[in-house]
2 protein chains.
Amino acid sequence: MTPSAQTTQPRRSDATRAAILRAARERFAADGYERATIRAIAADAQIDPSMVMRYYGSKEGLFAAAAEFDLRLPDLTSVPPGRLGEVLVRHFLARWEGDETLVALLRAASTNPGAAERMRGIFADQLTAAVATFGSDPALTARRAGLVASQILGLAFTRYIVRLPPMVDTSPEELVAWVAPTLQRYLTGTPPS
Amino acid sequence: MTPSAQTTQPRRSDATRAAILRAARERFAADGYERATIRAIAADAQIDPSMVMRYYGSKEGLFAAAAEFDLRLPDLTSVPPGRLGEVLVRHFLARWEGDETLVALLRAASTNPGAAERMRGIFADQLTAAVATFGSDPALTARRAGLVASQILGLAFTRYIVRLPPMVDTSPEELVAWVAPTLQRYLTGTPPS
DNA sequence: AGTGTTTGCCAACAACTGTTGGCAACGGGC
DNA sequence: GCCCGTTGCCAACAGTTGTTGGCAAACACT
């Protein structure tokens, strides 16, 4: 949404914009959409609440900007077909241990229709597209992607949102070992009768 | 929480209490904790908002009453060991297609710490207890239960909350067929090295 | 220097939130 | 009949929310 064309020199307010975005992601991730107030976000960013409105228009606009997210899925065609599940779990775990945007999106998606829509878009577009790259029956692609999403999001939900003790205490590598075969079967397994 | 002892005749207000609880579950399930306002719940139940306070003390008290939930897990010792996964998925799907309490709890758990705590309790207590019934290594029981919870809650999250199209469109029976082997492995599979 | 734009803060708004106290109507027990 | 607890509604409170308009300082450019 930055209206910069070509070699527009950076605006002086870009730092403020970035600070707001960073604070917004933190708050949305920690509190969800409705409990994360503009005032609290502005306080974290050490600016006035009205600046948030000027730069992002509304709370929804701020969230839309803060929840911009790319799964950065690797090219699955260059992965040995038998290790697809393993690669995917490992990627997802790494992806959101290091970036709270997806946690923010996950929390907000439970109560905010716009966030749910965004989540649907991310998984329907990016994940389904990645699954589609290694051929197989196109009619099944969406379903396979959906099943993968269910396990991946369930993992995130129990580990980062609800914080179920056994899911929090287990190391990423052990989680990968347990969950990889599941994704592998959802991706390449033969469908039930 | 009903203070009735022995043969206390039913109070005249029991109908109102029940109406409030029913409306509360609906609203919490549809909107989450913070967007479900007491005023809206009272309107649905066709009574005054102040009645909600009188009968349930506070919004938190109302939620605590509305989110009372029993998984009603069947006795797993009488299930053929090879069909544990199948029985579990089928049970869970049936359990919350017919009762919106768990959807309410799921939505609220994303933003409300109390709801998350309640969710942790339900799965840590009821599910772990059920998993523990068929022996095996006690040290692994919690982890197995956690993994099962991750797939079960991921299924519910994608189907009822985010409403991912492929997960909504797939029939319960087909979901059972896909997901049962996953739970089966989490429950009885050999742990990774 | 002088002008116009950008960046920021302050104060306030209207709406909505959970929550409270008082008061009328109704009920059963004596 | 009378009386007391229950059930219900109304009006209002205090606080918080997203959002807005105006005004001062800082800046960029001639």
Side-chain angles (χ1 to χ4, degrees), chain A residues 1-5 7-24 27-28 30-67 104 107-108 111-115, chain B residues 1-5 7-24 27-28 30-67 108 111-115:
Chain A
M1 280 301 163
T2 340
S4 65
T7 350
T8 316
Q9 64 221 354
R11 294 169 155 274
R12 194 157 42 92
S13 59
D14 282 353
T16 308
R17 283 190 158 86
I20 293 175
L21 223 50
R22 182 155 31 91
R27 283 282 175 178
F28 282 134
D31 300 339
Y33 184 80
E34 16 273 331
R35 295 176 88 119
T37 70
I38 291 197
R39 280 174 168 86
I41 293 170
D44 287 358
Q46 295 183 334
I47 45 94
D48 191 87
S50 62
M51 306 298 295
V52 178
M53 302 302 296
R54 181 174 295 169
Y55 290 139
Y56 294 97
S58 67
K59 189 181 181 180
E60 285 220 4
L62 172 62
F63 179 80
R107 263 229 167 75
T111 51
N112 185 269
Chain B
M1 281 300 160
T2 340
S4 65
T7 349
T8 317
Q9 62 221 356
R11 295 169 155 273
R12 197 156 43 91
S13 59
D14 282 352
T16 308
R17 282 190 159 86
I20 293 175
L21 224 51
R22 181 153 31 89
R27 283 282 174 177
F28 282 134
D31 300 338
Y33 184 80
E34 16 272 332
R35 294 175 87 120
T37 70
I38 291 197
R39 283 175 166 86
I41 293 171
D44 287 359
Q46 296 184 332
I47 44 94
D48 191 87
S50 62
M51 306 298 294
V52 178
M53 302 302 294
R54 181 174 294 169
Y55 291 138
Y56 293 97
S58 67
K59 189 181 182 180
E60 285 220 3
L62 173 62
F63 180 80
T111 51
N112 185 268

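Given the structure is predicted, the values throughout are model-derived calculations rather than measurements.
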* To do: Measure from CZ on B:Arg35 to P on C:dA15 and round the result to the nearest Å.
  => 19 Å

* Atom CD1 of A:Ile47 and atom P of C:dT6: how far apart are they, to the nearest Å? -> 19 Å

* **Sequence-distant partners of B:Glu34, side-chain hydrogen bond (donor to acceptor under 3.5 Å, both in side chains), two or more places apart** => A:Arg35, B:Thr111

* Contact check, side chains of B:Leu21 and B:Leu62, non-hydrogen atoms, under 4.5 Å -> yes

* Any side-chain N or O of A:Thr16 less than 4.0 Å from the OP1 or OP2 oxygen of C:dG8? -> yes

* To do: Give me the residues of residues 53-64 of chain A where at least one heavy atom lies under 4.0 Å from an atom of DNA chain D, by number, or none.
  => A:Met53, A:Arg54, A:Ser58, A:Lys59

* Check whether the side chain of B:Ser50 and the base of D:dC10 form a donor-acceptor pair under 3.5 Å. => yes

* Structure fact -> Quick note, side-chain hydrogen bond (donor to acceptor under 3.5 Å, both in side chains) partners involving residues 49-64 of chain A, not counting sequence neighbours, are A:Asp48-A:Ser50

* Structure fact -> Between the OG1 atom in A:Thr16 and the CD atom in A:Gln46, the distance rounded to the nearest 0.5 Å is 11.0 Å

* Asked: Angle class for the A:Phe63/A:Tyr33 ring planes (parallel below 30°, perpendicular above 60°, tilted otherwise)?
  -> perpendicular

* Using whole Å, report how far CZ of B:Arg39 lies from P of D:dA12. => 13 Å

* To do: Check the distance between C:dC16's P and A:Glu34's CD and give it to me in whole angstrom.
  => 16 Å

* Rounded to whole angstroms, how far apart are CD1 on B:Ile38 and P on C:dT17? -> 10 Å

* To do: For residues B:Pro49 and B:Arg39, report the shortest heavy-atom separation together with the two atoms involved.
  => CG-CG, 4.0 Å

* To do: Please report, rounded to the nearest Å, how far the P atom of D:dG22 is from the CG atom of A:Asp48.
  => 16 Å

* Whole-Å distance separating the OH atom of A:Tyr33 from the P atom of D:dT17 -> 14 Å

